[in-house]
Protein chains: 2
Amino acid sequence: MSATIRDVATLANVSPSTVSRVIANNQAISLETAAKVRGAMVRLNYVPNANARSLAKHRTKTIALTIARSAEEAFANPFFAELLRGIASACQQRDYKLMLSMSSNSDWEVKDALQMVKGKQVDGLILSSVRADDFLVEALLAEQVPFVLIGRSLKHHVAMVNNDNIDCAIQGTRHLVERGRQRIAFISGPRDLVVSLDRIEGYRRALRASSRNLPELVVETSFTTAGGREAMARLASLAEMPDAIVAADDVIALGVIHWLKEHGFAIPADVAVIGFNDDPMSAFMQPALTTLRISTYALGFESARMLIDMLENQSPSEQLVIPAELIVRQTT
Amino acid sequence: MSATIRDVATLANVSPSTVSRVIANNQAISLETAAKVRGAMVRLNYVPNANARSLAKHRTKTIALTIARSAEEAFANPFFAELLRGIASACQQRDYKLMLSMSSNSDWEVKDALQMVKGKQVDGLILSSVRADDFLVEALLAEQVPFVLIGRSLKHHVAMVNNDNIDCAIQGTRHLVERGRQRIAFISGPRDLVVSLDRIEGYRRALRASSRNLPELVVETSFTTAGGREAMARLASLAEMPDAIVAADDVIALGVIHWLKEHGFAIPADVAVIGFNDDPMSAFMQPALTTLRISTYALGFESARMLIDMLENQSPSEQLVIPAELIVRQTT
DNA sequence: CTGAAAGCGCTTACAG
DNA sequence: CTGAAAGCGCTTACAG
């Protein structure tokens with residue numbers, strides 16, 4: 001059995017309260033006593049029991065990232081690795097622990113999230129995606145759980161860090177318009193996500209803003225390479241095939257490019273392609289992918305920083321918009 | 001404040017002990033009582049406090065993955081995302097929570113790990129890499145902490161899941177020998193890692209086993225794309241440049257390929273390249289990368305499964321070797 | 001089948 | 001500057 005606070009107290013000849021105070025760096029304790037206690041702690045190899053501590057203090061110094069997908073799916077997309085990188089860095093800096101919660105269906109997601117926070121395993125949550133009808137947000141609001149969104153809520157004014165996805169899609173689409181493309185299609189992720197709705201909206205606005213009366217062509221698929229291939233195949237079977245694709249994710253764009261190459265289309269000569277995210281691999285693809293750099297790392301870092309600030313200083317919830325940038329490479 | 005077990009007890013008109021028993025699904029409780037209690041739980045939206053529970057039960061149903069790098073670095077390599085995917089899946093299946101622990105230096109690593117386990121935040125650990133002089137392993141052994149290694153320990157017989165890295169390197173190198181390459185260089189990751197030593201060993205054995213008296217050429221770099229470029233640049237500056245590269249990681253291989261393309265070398269005509277891992281991106285590179293598929297996902301999944309088995313059934317520690325396979329594509 | 005009591009290992013007013 | 005006591009919210013022998 002590990003040493004407890006009593007063992008330390010006994011060895012140092014003080015009361016447990018005193019030991020507790022030196023753990024907490026309480027200034028009231030005299031330097032001699034503190035030194036004596038610290039000596040006992042190292043001699044016993046003492047580590048405070050975090051459960052007892054959390055139970056007494058009502059805080060855990062732990063936050064969780066929730067991902068509304070099966071673990072299988074989630075980390076297949078570099079977006080989440082990059083997001084995690086940012087979150088983990090902020091946690092490291094602020095001495096917080098990070099917990100991961102993945103759930104494949106929306107009921108479980110709500111249940112898991114509430115369980116972690118109400119069960120006092122974590123102090124707060126980062127939600128990695130937001131659905132249009134977000135039960136989770138409502139449930140968390142109702143239960144007064146501290147959380148920050150990666151993305152935005154359609155209905156509630158809550159802490160969030162997001163990109164201006166409408167504007168991103170406008171930029172991407174306009175770029176294609178300016179390149180003189182005639183049939184620009186948009187391959188969207190699942191339409192129940194706010195991010196999908198925003199990007200579709202931006203795509204539409206850009207087309208309408210062009211004076212050329214360009215047709216709107218939106219198809220939906222999953223955020224996977226396979227999804228990209230499949231969507232491209234569908235688009236190619238149309239009477240008139242698109243000459244440009246805006247894909248809502250680099251991983252989708254990758255699938256599109258594969259399909260095109262396999263079927264002998266030249267990129268960008270026959271079909272131009274633009275993605276979203278600027279995943280680390282995207283610069284290295286052949287041809288290198290034109291994409292919207294949404295700064296996923298910053299999204300993660302800032303969300304964690306914001307949550308921890310809220311937790312520690314009850315600072316008010318912020319609405320942060322991370323700037324995005326069109327990175328033009330070889331596919332357009 | 002959230003409802004506690006007392007609130008539920010009061011509402012259901014039973015004692016807290018009884019509520020605790022229905023939470024635990026204790027068979028002794030009558031069906032009526034159980035139903036009554038469950039009713040009260042949902043009415044109060046009750047969630048048990050995990051800290052109190054862990055404190056009383058001495059277990060948390062949580063495991064941690066430790067990564068001995070800064071968060072910055074870790075998730076830049078797809079290996080960890082893939083590993084995490086496997087681990088998270090197993091956790092999901094077995095209803096365990098997953099905690100992440102990253103630490104950039106070896107002292108912190110030991111401290112963090114002991115803190116998590118001795119502090120009862122987690123029941124056990126998965127170590128994602130093993131150093132030749134592994135203080136962590138010794139410390140964990142001394143403290144009787146349950147853990148499993150991804151990789152192998154040079155000195156201790158402990159629970160582990162690993163690839164036969166020596167054999168992998170033999171296969172990869174032999175493949176190049178059979179392709180008639182004359183100057184086969186090996187780009188290793190940091191030499192303080194067991195996995196690096198094993199792969200270097202395999203490379204050497206394969207060269208010696210060839211009857212052609214091939215020169216040994218080993219350089220060391222970090223597990224990054226930049227590391228690959230830099231190492232390739234060094235090799236290219238030699239009197240006689242290599243005509244084949246075995247890179248200890250696909251990410252390194254990617255850097256090598258970039259360097260070669262930028263400097264006008266044909267792959268594989270001038271220089272053949274082989275990687276390790278079969279990261280998801282590797283099949284999509286141009287040219288597609290020949291690599292050793294080490295089944296990273298399985299490594300992760302099995303490590304978590306093994307750890308949880310040890311935790312739940314005190315099953316003895318296993319030594320599992322995940323088979324690897326040479327995937328020949330276009331770079332060789 | 002159920003309850004009262006002690007215990008898990010901390011923290012924190014309250015006294016002195 | 002330090003200690004005794006109560007409390008955080010559970011679980012689990014021990015009785016009955």
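In what follows, chains carry the letters A, B, and so on, assigned in the order in which the sequence lines appear, proteins first and then strands, with residues in each chain numbered from 1. Every heavy atom of this structure was used, including side-chain atoms; hydrogens, water molecules and symmetry mates were not.
No side-chain donor-acceptor contact under 3.5 Å links Asp192(B) to the backbone of Arg131(B). Looking only at distances, no side-chain donor or acceptor of Ser54(B) sits under 3.5 Å from a matching main-chain atom of Asn51(B). Remark: the backbone N or O of Val321(B) is not paired with any side-chain donor or acceptor of Asn162(B) at under 3.5 angstrom.
Counting only Watson-Crick or G-U wobble pairs whose defining distances are both under 3.5 Å, the stems of 3 or more consecutive pairs in DNA chain C are C:1-3 with D:14-16, C:5-12 with D:5-12, C:14-16 with D:1-3.
Distance from the side chain of Lys57(A) is smallest for dT12(C) among the nucleotides dC10(C), dG9(D), dT12(C).
As rounded to whole Å, 13 Å separates atom P of dG9(C) from atom NZ of Lys118(B). Between His58(A) atom NE2 and dG7(D) atom P the separation is 13 Å, expressed in whole Å. Whole-Å rounding puts the Asn51(A) CG to dT11(D) P distance at 13 Å. As a whole-Å value, the separation of Arg6(B) CZ from dG9(D) C1' is 9 Å. What separates NZ of Lys120(A) from C1' of dG9(C) is a distance of 19 Å, to the nearest Å. Atom CZ of Arg59(A) is separated from atom P of dG9(D) by 17 Å (rounded to the nearest Å). Summarising the geometry, the separation between CD on Gln121(B) and C1' on dC10(C) is reported as 14 Å, rounded to the nearest angstrom. In this structure, the CE atom of Met41(A) is 15 Å from the C1' atom of dG9(C), given to the nearest Å.
In Arg59(B), the CZ atom is crowded: over 12 heavy atoms of neighbouring residues, nucleotides or ligands sit closer than 6.0 Å.
Regarding contacts with the backbone of dA4(C), every side-chain N or O of Ser15(B) stays at 4.0 angstrom or more from both OP1 and OP2. Look at Arg53(B) and you won't find any side-chain N or O under 4.0 angstrom from OP1 or OP2 of dG9(D).
Every pair passing salt bridge (charged side-chain N to carboxylate O under 4.0 Å, His left out) that includes a residue from residues 86-105 of chain A is listed here, sequence neighbours excluded: Lys61(A)-Asp95(A), Arg94(A)-Asp309(A), Arg94(A)-Glu312(A).
The residue Val14(B) sits close only to the backbone: its heavy atoms come under 4.0 Å of sugar-phosphate atoms, none of a base. Contact annotation for Ser20(A): base contact, defined as any heavy-atom pair under 4.0 Å involving a base atom.
Using a 4.0 Å cutoff on non-hydrogen atoms, the parts of residues 22-35 of chain B near DNA chain C are Ala28(B), Ile29(B), Ser30(B), Thr33(B), ordered by number.
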So which protein N/O to nucleotides 13-16 of chain D N/O distances come out below 3.5 Å?
{"from": "dA13(D)", "atom 1": "N6", "to": "Arg21(B)", "atom 2": "NH2", "distance (Å)": "2.8"}

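Rounding to the nearest 0.5 angstrom, the gap separating the CE atom in Met160(B) from the CD1 atom in Ile150(B) is 10.5 Å. Atoms NZ and NZ, from Lys120(B) and Lys118(B) in turn, are 8.5 Å apart once rounded to the nearest 0.5 Å. Distance SG/Cys91(B) to CD1/Ile63(B): 3.5 Å, rounded to 0.5 Å.
The side chain to side chain contact (heavy atoms under 4.5 Å, CB included) test with Val37(A) is passed by exactly one of Asn13(A), Ile29(A), Val8(A): Val8(A).
At least one side-chain heavy atom of Leu193(A) sits under 4.5 Å from a side-chain heavy atom of Phe223(A).
Looking at residues two or more places apart in sequence or on another chain, you find a side-chain hydrogen bond (donor to acceptor under 3.5 Å, both in side chains) between Ser30(A) and Thr33(A). Residues forming a side-chain hydrogen bond (donor to acceptor under 3.5 Å, both in side chains) with Thr18(A) (at least two apart in sequence, or on another chain): Ser15(A).
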